[in-house]
Amino acid sequence: MKHVLIVEDVAEAQRWLSEIVSTAFPYAEIRTANSVWAANAQIDAPLDLALIDLGLPDGSGLDVLRSARKAHPQATCIVTTVMSDDASIVGALSAGADGYLLKEAAPAVLIRQLEQLSIGLPALSPAVARRVMEHFRLTGPVSEAEAQLTQREAQVLDLISRGLRNSEVAAQMGIASTTVAGYIKIIYRKLGIGSRAEAAWHAARLVSKPDSVGERPFAAPGSHD
């Protein structure tokens with residue numbers, strides 16, 4: 001890992017992560033950014049590894065993750081965060097994260113997990129790995145309620161599960177934010193859920209069976225059900 005980017009807005013955490021990376025990869029060139037804007041401003045520079053916090057002052061680290069994935073498909077992008085809820089984990093992995101590390105771990109543990117990247121092991125905190133395994137144990141055939149989602153509802157479900165805000169979903173689909181909010185209410189009612197964490201779980205099930213909703217792909221933005 002010669003070129004490393006650390007995206008972290010807390011100065012102390014930024015220094016701490018830099019020390020961890022320097023220990024794991026002594027010859028790495030380390031760059032830092034404390035916002036989405038600052039990270040995207042240097043996204044075209046060489047990149048082998050990115051450590052990305054989710055909560056940034058001007059947006060979500062998922063935006064940086066997507067930009068890094070697009071600009072550097074071969075780079076390893078790992079989320080480093082304190083957020084261990086299902087929605088954050090599923091959203092990050094769905095957005096293309098290669099790993100998910102909780103900053104509460106001891107430095108020696110994080111160093112070892114980064115070093116293991118060289119032998120192909122994913123950088124997943126033990127607690128996150130357990131949640132992922134539990135998710136797949138619970139994942140089964142698509143339920144009748146999930147199958148009743150229209151293509152537009154399934155598309156909204158997929159987008160909110162990736163951590164996008166209502167306004168971002170609206171922009172991507174070419175509809176109003178109020179329309180997105182209406183879709184979310186319908187989705188919650190149909191699935192019998194009340195949170196985005198539960199929505200992320202259902203979205204992951206549907207992604208694994210892309211033809212289960214309406215027997216056809218998602219409708220293009222601007223189409224009607």
Side-chain angles (χ1 to χ4, degrees), residues 7 36 39-40 52-70 77 79 81-100 102 128 131-132 134-136 138-225:
V7 185
V36 173
N40 285 336
I52 305 169
D53 187 21
L54 291 180
L56 297 172
D58 58 344
S60 170
L62 294 182
D63 295 329
V64 178
L65 175 59
R66 295 187 187 98
S67 297
R69 287 256 65 93
K70 184 176 180 180
C77 298
V79 167
T81 181
V82 296
M83 301 169 67
S84 59
D85 60 283
D86 290 349
S88 297
I89 295 170
V90 174
L93 297 179
S94 297
D98 297 301
Y100 199 104
L102 299 178
V128 174
R131 294 186 84 115
V132 171
E134 180 65 16
H135 162 74
F136 281 105
L138 294 173
T139 301
V142 172
S143 69
E144 182 179 347
E146 290 165 337
Q148 290 176 354
L149 294 180
T150 66
Q151 291 179 27
R152 295 290 267 178
E153 291 162 2
Q155 186 178 13
V156 170
L157 176 63
D158 175 59
L159 292 173
I160 65 173
S161 76
R162 300 180 187 215
L164 271 67
R165 296 183 291 270
N166 287 13
S167 59
E168 295 171 324
V169 175
Q172 184 157 332
M173 295 181 64
I175 58 179
S177 292
T178 53
T179 303
V180 173
Y183 275 130
I184 292 174
K185 287 182 180 179
I186 294 172
I187 292 166
Y188 280 20
R189 186 177 69 248
K190 283 187 176 182
L191 299 181
I193 61 178
S195 71
R196 293 204 175 202
E198 293 174 292
W201 185 82
H202 283 276
R205 287 161 56 86
L206 292 175
V207 167
S208 67
K209 296 179 179 292
D211 296 327
S212 60
V213 179
E215 300 298 329
R216 52 205 171 99
F218 289 142
S223 63
H224 299 280
D225 292 314

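Below, all heavy atoms of this structure are taken into account, side chains as well, without hydrogens, waters or symmetry copies. This structure is a prediction, so every number in the text was calculated from the model and none was measured.
- Residues passing the side-chain contact (heavy atoms from CB on, under 4.5 Å) test with A92 are L62, V79, A97, Y100, sequence neighbours excluded.
- Under the rule for a side chain to side chain donor-acceptor pair (under 3.5 Å), T81 has no partner lying at least two apart in sequence or in another chain.
- Residues satisfying the side-chain contact (heavy atoms from CB on, under 4.5 Å) criterion with D63, sequence neighbours excluded, are V36, S60, R66, E168.
- L56 is listed as a side-chain neighbour of V64, based on a closest heavy-atom distance under 4.5 Å.
- Across all their heavy atoms, G61 and I52 have their closest contact at O-CG2, 3.5 Å.
- Residues C77 and L65 come closest through the heavy atom pair CB-CD1, 3.3 Å.
- By the side-chain contact (heavy atoms from CB on, under 4.5 Å) test, S167 pairs with R165, S177, sequence neighbours left out.
- For I175 against T179, the heavy-atom pair with the smallest separation is CD1-CG2, 4.0 Å.
- Considering OH of Y188 and CD1 of I160, their distance stands at 5.0 Å, rounded to 0.5 Å.
- To the nearest 0.5 Å, atoms CG (L164) and CG (D158) are separated by 9.5 Å.
- Considering CG of L157 and OG1 of T150, their distance stands at 10.5 Å, rounded to 0.5 Å.
- Side-chain contact between V169 and Q172: absent, with no pair of heavy atoms (C-beta onward) separated by less than 4.5 Å.
- Rounded to the nearest 0.5 Å, atoms CZ (R69) and CG (D98) are 4.5 Å apart.
- Pairing each heavy atom of L54 with each of M83, the nearest pair is CB-SD, 4.0 Å.
- The heavy-atom pair separating M173 from V156 by the smallest distance is SD-CG2, 3.5 Å.
- In this view, A171 satisfies the side-chain contact (heavy atoms from CB on, under 4.5 Å) rule with no residue, not counting sequence neighbours.
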